[in-house]
Amino acid sequence: MFVLGIESSCDETAAAIVNNGNLLSSVIASQIKDHSAYGGVVPEIASRKHIEAVSAVISQATEDAGIALSVVEGIAVTRGPGLIGSLLVGLSAAKALAYGLNIPLVGVNHLEGHIMASFLAEKKPGFPFAALVVSGGHTNVYLVKNYHEFKLLGQTRDDAAGEAFDKAAKLLNLGYPGGVVIDRMAKKGNHSAFEFPRAMKDSPDFSFSGLKTSLLTMVKKLGGHFTQAQLEDIAASYQEAIVDVLVDKTIKAALDHHVSQVVVCGGVAANSRLRERFVKAVAGKNLELFIPPTILCTDNAAMIAVLGEIMLKNGRSDSLDLNAVSRWP
Ligand code: KG4
Ligand code: ZN
């Protein structure tokens, strides 16, 4: 089945074509340059930029896949969670196309999409598995029983891990998006140069706000002026504190729930140290690790299309009065 996926929940306008689980094209128009001056995503700007980009991105996706739009048999679109104005742009485009082409439409949960990105690889995870979804807005561990049953095992009580990266980069004036910059700088730094807290050691839940506060306190204490080498050490130490808890709690959740497969996904799963540490953590244990390539970890429409195709094939579809939802528990 040829399925067009559309994603516009935050600051990436994306479209992709999937056919029988195979990815034929994936186009992502990033708005990073439009938001970087503000140090974060400005919702009003994001909506407008999605409107400007959405038609061209969809055309590019069909062109790259080598198919005409009329070949598309179903449309999958991110329904939420995300910025409501941004979501509405993708959803409206999806509805218009579904109506015009007279084909089914299905609304997809963005987080479920992140998890299902792992199904685009040749080697796919098998149910049940544990999944860490770690992005700009979420830090959740799930027990994934099948395509539509997700049991929440742990979540952040305050900031998401991606937020912790982004806020630290802002505080240190390193630029936006923070995760990418800190990942790059940390490669040259010493991860035990500075001490940062690892919160909620004995809980399945996460907390990152204390980490951010301890960075702020440290910056104030040291006067706010740093050499490049110091910044690299801070980046490496701060990143290590985030990575430590993400790895430890996810592995513990998998072992506690007797699953042998672990999926790590979402924008922060693009982090090179997190990937490296997860590989080390499963070694010697009866655990198999699945992390999508970095381009499928950050926001994309391929993950929406692949899950959408499965949902449509299982007879699930939505009517044209489907609405976007900013929060979707
Ligand atoms: O999944 P995503 O693209 O959008 C959301 O659904 O939120 O995740 C974006 C988050 C941002 O906080 C960004 O800083 C973080 O993912 N991120 C990274 C890296 N690349 C993106 N964090 C750490 N290391 C990276 N390499
Ligand atoms: Zn995302």
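Atoms within each ligand, like the ligands themselves, are counted from 1 in listed order. By convention here, the first residue in the shown sequence is residue 1.
- Put simply, part of His110 is less than 4.0 Å from ligand 1, judged by heavy atoms.
- Contact atoms of ligand 1 toward Gly137: 7 (O) (distance under 4.0 Å to a heavy atom of the residue).
- Between Glu232 and Lys187, none of the side-chain N atoms (NZ, or NE/NH1/NH2) sits under 4.0 Å from a carboxylate O, so this pair counts as no salt bridge.
- Side-chain polar atoms of Ser209 and Asp159 form no donor-acceptor pair below 3.5 angstrom.
- Among protein heavy atoms, atom 26 (N) of ligand 1 sits closest to Asp183 OD2, 2.9 Å.
- Ion pairing of Glu44 with Arg48 is present here, as a side-chain N (NZ or NE/NH1/NH2) and a carboxylate O approach within less than 4.0 Å.
- In this structure, Lys145 fails the cation-pi test against Phe127, since its NZ or CZ atom is not both closer than 6.0 Å to the six-membered ring centre and inside 45 degrees of the ring normal.
- With salt bridges taken as basic N to acidic carboxylate O contacts below 4.0 Å, none links Lys212 and Glu163.
- Taking atom 24 (N) of ligand 1 as the reference point, the nearest protein heavy-atom neighbour is Asn271 ND2, 3.0 Å.
- The nearest protein atom to atom 3 (O) of ligand 1, hydrogens excluded, is given as Asp299 N, 3.0 Å; this is a heavy-atom distance.
- With hydrogens left out, the protein atom closest to atom 10 (C) of ligand 1 is Gly136 N, 3.5 Å, a heavy atom.
- Considering the Zn ion (ligand 2) as centre, the angle to NE2 of His110 and to OD1 of Asp299 is 90° (10° rounding).
- For the residue pair Gln239 / Asn271, a side-chain donor-acceptor distance below 3.5 Å is found, with atom types taken as modelled.
- Using a 3.5 Å distance cut-off with no hydrogens or angles, the side chains of His50 and Asp11 do not pair a donor with an acceptor.
- Put simply, His114 gets within reach of the Zn ion (ligand 2), with an N, O or S atom under 2.8 Å from it.
- Near Gly162, meaning under 4.0 Å from one of its heavy atoms, ligand 1 places the atoms 12 (O).
- Interface of Ala270 with ligand 1, defined as ligand atoms under 4.0 Å from a residue heavy atom, comprises 20 (N), 26 (N).
- Ring-plane geometry between Phe129 and Phe119 is classed as tilted, the angle between the planes lying from 30 to 60 degrees on a 0 to 90 degree scale.
- By the ring-ring contact (aromatic ring centres under 6.0 Å, His included) test, Tyr238 pairs with Phe196, sequence neighbours left out.
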task = Show the numbers, then the answer: is there a side-chain contact (heavy atoms from CB on, under 4.5 Å) between Val144 and Val263?
result = CA-CA 10 Å; Val144 183; Val263 166; over 6 Å; no
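- The contact set between ligand 1 and Val268, taken as ligand atoms under 4.0 Å from a residue heavy atom, comprises 15 (C), 16 (O), 18 (C), 22 (N).
- For residue His138, no N/O/S atom approaches the Zn ion (ligand 2) to within less than 2.8 Å.
- Nearest to atom 22 (N) of ligand 1 among the protein's heavy atoms is Gly179 CA, 3.3 Å.
- Residue nearest to atom 11 (C) of ligand 1, selected from Asp166, Ile28, Leu274: Asp166 (by heavy-atom distance).
- Within the structure, the closest approach of His114 to ligand 1 falls below 4.0 Å when heavy atoms are considered.
- Taking atom 17 (N) of ligand 1 as the reference point, the nearest protein heavy-atom neighbour is Gly267 O, 3.5 Å.
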